[in-house]
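Everything numeric in this text was worked out from a predicted model, so none of it was measured.
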Amino acid sequence: MPQGALAQIVPSRRVPGERLRINITIGKGLLRVADEAAEAAGLTRSGFIERALEIATDGASGACC
């Protein structure tokens, strides 16, 4: 870190609540890529998708993307 720089720790915004089973429709190729990325990261498919949603919504002010 450069001299004089400041660091700020921003905790991940975790949404508490029970876990739910859902059904989604996703392209076959994208699902294959997600499964490969999940395996490389040592995550389950659900864990990978959950983490991707956390990353996509962190810092969002009510709207995504």
Side-chain angles (χ1 to χ4, degrees):
M1 216 168 162
Q3 185 176 1
L6 298 175
Q8 181 179 9
I9 297 174
V10 179
S12 177
R13 180 180 55 163
R14 305 226 19 121
V15 179
E18 70 179 286
R19 299 174 70 81
L20 301 174
R21 179 179 297 269
I22 63 167
N23 291 314
I24 63 170
T25 302
I26 187 169
K28 190 175 187 178
L30 181 58
L31 184 59
R32 185 181 66 250
V33 170
D35 285 344
E36 291 170 359
E39 183 177 349
L43 297 169
T44 62
R45 176 188 286 170
S46 292
F48 182 80
I49 293 170
E50 186 172 37
R51 183 66 186 126
L53 288 169
E54 288 172 351
I55 290 168
T57 58
D58 272 351
S61 59
C64 176
C65 312

Inset, instruction - Return each pair, listed once, that meets side-chain hydrogen bond (donor to acceptor under 3.5 Å, both in side chains) where at least one residue sits in residues 32-43; pairs must be two or more places apart or across chains. - result: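 Output for this query lists Asp35-Arg45.
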
Mind listing the side-chain donor-acceptor pairs of residues 22-30 below 3.5 Å, one per line with the distance, residues two or more places apart or on another chain?
none

Legend entry - Interatomic distance, Arg51 atom CZ to Thr44 atom OG1 [nearest 0.5 angstrom]: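 Between Arg51 CZ and Thr44 OG1, I get 13.5 Å after rounding to 0.5 Å.
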
Inset, instruction - Can you sort out the partners of Arg21 under salt bridge (charged side-chain N to carboxylate O under 4.0 Å, His left out), two or more places apart, ordered by chain and number? - result: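 By the salt bridge (charged side-chain N to carboxylate O under 4.0 Å, His left out) rule, Arg21 matches no residue at all.
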
Inset, instruction - Specify the closest pair of heavy atoms between Ala38 and Phe48, including all atoms of both residues, with the distance to one decimal. - result: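 Taking Ala38 first and Phe48 second, the nearest heavy atoms are CB-CB, 3.5 Å.
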
Legend entry - Shared-cluster residues of Leu53, by chain and number - hydrophobic side chains joined below 4.5 Å: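 For the cluster that includes Leu53, the remaining residues are Ile49.
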
Inset, instruction - Starting from Val33, walk the hydrophobic network (Ile, Leu, Val, Met, Phe, Trp, Tyr; side-chain heavy atoms closer than 4.5 Å) and list everyone else you reach, by chain and number. - result: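 Traced through the cluster, Val33 reaches no other member.
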
